[in-house]
Protein chains: 2
Amino acid sequence: MQSRPRIPEATVARLAVYLRVLSGLADDGRGTVSSGELASAAGVNPAGLRKDLSHLGPCGTRGVGYEVATLRDRIATVLGMETAHACVLVGIGNLGAALAGYGGFGSRGFEFVGLFDASPARVGQHVGGLPVRPVAELEEVVAATGATIGVIATPAEVAQPVCDRLAAAGVRSILNFAPVTLTAPRGVDVRQVDLSVELQVLAFLDKQRGAVPGVPLDTPLAPAGGMA
Amino acid sequence: MQSRPRIPEATVARLAVYLRVLSGLADDGRGTVSSGELASAAGVNPAGLRKDLSHLGPCGTRGVGYEVATLRDRIATVLGMETAHACVLVGIGNLGAALAGYGGFGSRGFEFVGLFDASPARVGQHVGGLPVRPVAELEEVVAATGATIGVIATPAEVAQPVCDRLAAAGVRSILNFAPVTLTAPRGVDVRQVDLSVELQVLAFLDKQRGAVPGVPLDTPLAPAGGMA
DNA sequence: GGGACTTTGTTCCTGCGTTCACAAGCGGTT
DNA sequence: AACCGCTTGTGAACGCAGGAACAAAGTCCC
């Protein structure tokens, strides 16, 4: 009954999506939304959306719907977005530069306070308004800024040492883009985003769909010629 | 039981991880691996790993373990990696350029056959060995190359139109990096990768952990000055 | 050749997430 | 003021994923 006994992780991920949709609706001047419309825009089931929202207490009006601005602020508060989160980014390659320049982070309360790279050629360059610093200064910057989130976009070979240094420096949440499974000490949360894994799942689903005609397309799809 | 009655998506995602670990072990010259060691390297439970592998039939030797090369090839076959997949990439901004230059795709059977961007300044440039083409040629290239996978790395505003054009051109699997929920016709599978959502989940877990001291750290954690 | 150890493959069980369906409550209307 | 339709919030059932324990099977050693 308290504020948050426990919110499932799957629900948290969806809350972030709702928040994005609600921000767009607020910009369009919408005052209220129904669960059905919001669920449709987010690509989920209306009942599931209501259950997700029930985790943060009653925040809608029966017979009317949800007040867009109020619900947006409520979700932002629950997700911990009222306070800015300081992040450090290690590995300013192609992907790292893309992350540093991505505006979607800053508008959601995440601020990069340090960019690091091992290559001397990169050090000193400015990416997204911040200078790239040598990795030797990592611990110093983390301690000075109180950064709690670390993002790893390095080659796979050095991802684990970087993870160890981040954890030792006091970072408690790590987002890893390197294609390796990281091990972190107890109390440090690591989330893995493997781009090739996503592609392989897509390829498998495509193969499975093509091999099993049990899920036919309702589109004509022409000859196809496929046979079992 | 024979070929594939149905493999859960969660298992497919983990199979891709096992495949990466097995490739590394094969490069190190390892002949066999036990489920415990493989599970440890992949960061999963040994029992769960064996259950995942059971979906593709008995492929291990009791008392010994799994033959590294054999298991690797088996997983690669199941995931549909023996045949190369042609992909098109729309939106050559910071993120798109990073994806085009990422070597992890080519080594896993995914080949970019077309890069597209709406900006005339981008068109003609070469990224990752391929020329950037105008989006007007999208349908033509998809038809000529038979690409089945489309990757969207455009701004959010144009992601839905691009998705529609990809689907109409014959692409059946779409990986979307734009922060919008896409709607695709029946038969076209869309996977969403929202980087800010990942960060927000991390921030929430951190906030929850900090507010609820029920999960204490077993490390001393007192002075931040300590290091490995 | 036999015994014992190791490791896989399977089965059961617990818990979670998702979905469906209904009661409660609010606004608008007459 | 009362009725009625609409929407939220909640309770229950279904299905699925995850984890642990057990039996089968193969190998190594004596």
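Since this is a predicted model, take the numbers as computed values, not measurements. Here is the naming used below: chain letters follow the sequence lines, and residue numbers restart at 1 for every chain.
The closest donor-acceptor contact from the side chain of Asn176(B) to the backbone of Val180(B) lies under 3.5 Å. Thr11(B) places no side-chain N or O within donor-acceptor distance of the main-chain N or O of Ile7(B), the cut-off being under 3.5 Å. Counting only distance, with no hydrogens or angles, the side chain of Gln192(B) and the backbone of Ala178(B) share a donor-acceptor pair below 3.5 Å.
Each of Asp27(B), Val68(B), Val17(B) was scored for a side-chain contact (heavy atoms from CB on, under 4.5 Å) with Leu22(B), with one residue passing: Val68(B). With Tyr66(A) as reference, Leu71(A) is the one residue of Thr32(A), Thr61(A), Leu71(A), Leu25(A) to meet the side-chain contact (heavy atoms from CB on, under 4.5 Å) rule.
When rounded to the nearest whole Å, the span between CD of Glu67(A) and P of dT7(D) equals 17 Å. Atom CZ in Arg74(A) sits about 15 Å away from atom P in dT8(D), given to the nearest Å. Between Tyr66(A) atom OH and dC6(D) atom C1' there is a gap of 13 Å when expressed in whole angstrom units.
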Do any N or O atoms of the protein come closer than 3.5 Å to N or O atoms of nucleotides 24-28 of chain D, and which pairs are they?
from	atom 1	to	atom 2	distance (Å)
dA24(D)	N3	Arg62(B)	NH1	2.7

Scan nucleotides 14-21 of chain D against the protein and return all N/O pairs shorter than 3.5 Å with their distances rounded to 0.1 Å.
from	atom 1	to	atom 2	distance (Å)
dG18(D)	OP1	Arg14(B)	NH1	3.0
dG18(D)	OP2	Arg14(B)	NH1	3.2
dG18(D)	OP2	Arg14(B)	NH2	2.8
dG19(D)	O6	Lys51(B)	NZ	2.5
dA20(D)	OP2	Asn45(B)	ND2	3.0

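Ion pairing between a basic and an acidic side chain is recognised when a charged N comes within 4.0 Å of a carboxylate O; Arg30(A) and Glu37(A) show such pairing. A salt bridge links Glu9(B) to Arg191(B): one of the charged nitrogens lies within less than 4.0 Å of a carboxylate oxygen.
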Practice problem: Begin from the C-alpha positions of Arg72(B) and Leu19(B) and carry the test side-chain contact (heavy atoms from CB on, under 4.5 Å) through to its verdict. | Solution: CA-CA 6 Å; Arg72(B) 166 172 56 92; Leu19(B) 180 61; 3.8 Å; yes
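Here CZ of Arg108(A) is found 6.0 Å from OH of Tyr102(A). Values are rounded to the nearest 0.5 Å.
Counting only heavy atoms from C-beta outward, the side chains of Asp73(B) and Ile75(B) never approach each other to under 4.5 Å.
From the 5' end on, the contacts that DNA chain C makes with chain A at under 4.0 Å to a non-hydrogen atom open and close at dC16(C) to dG27(C).
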